[in-house]
Amino acid sequence: MSSPFPVPRSPRADGTDNGERRTENDRWRRLYAIVLGELALTIAIFYAFTKAFQ
């Protein structure tokens, strides 16, 4: 018996892959890299201020 709700699949059922999943993963990877870079920069700035005003 089939499900009443369609289930998206990747790669597609006919064997072709349209590349959507890889693009979505690339976006998340880029976002994580930006967030981690910003966090590292914030830590470095606070460290510099702490050393400068000790």
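Side-chain contact, Q54 with T50: no donor N or O sits under 3.5 Å from an acceptor N or O.
R29 contributes atom CZ, which lies 13.5 Å from atom CD1 of I34 (distance to the nearest 0.5 angstrom). Atom CG of L31 sits about 9.5 Å away from atom CG of L36, to the nearest 0.5 Å. Rounded to the nearest 0.5 Å, atoms CD (E24) and CZ (R27) are 7.5 Å apart.
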*Tell me, with the steps shown, if L39 and V35 meet side-chain contact (heavy atoms from CB on, under 4.5 Å).*
CA-CA 6 Å; L39 179 61; V35 169; 5.5 Å; no

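A parallel orientation is assigned to the rings of F53 and F49, their planes being inclined by less than 30° (bins at 30° and 60°).
Between L41 and I45 the shortest side-chain heavy-atom distance falls below 4.5 Å.
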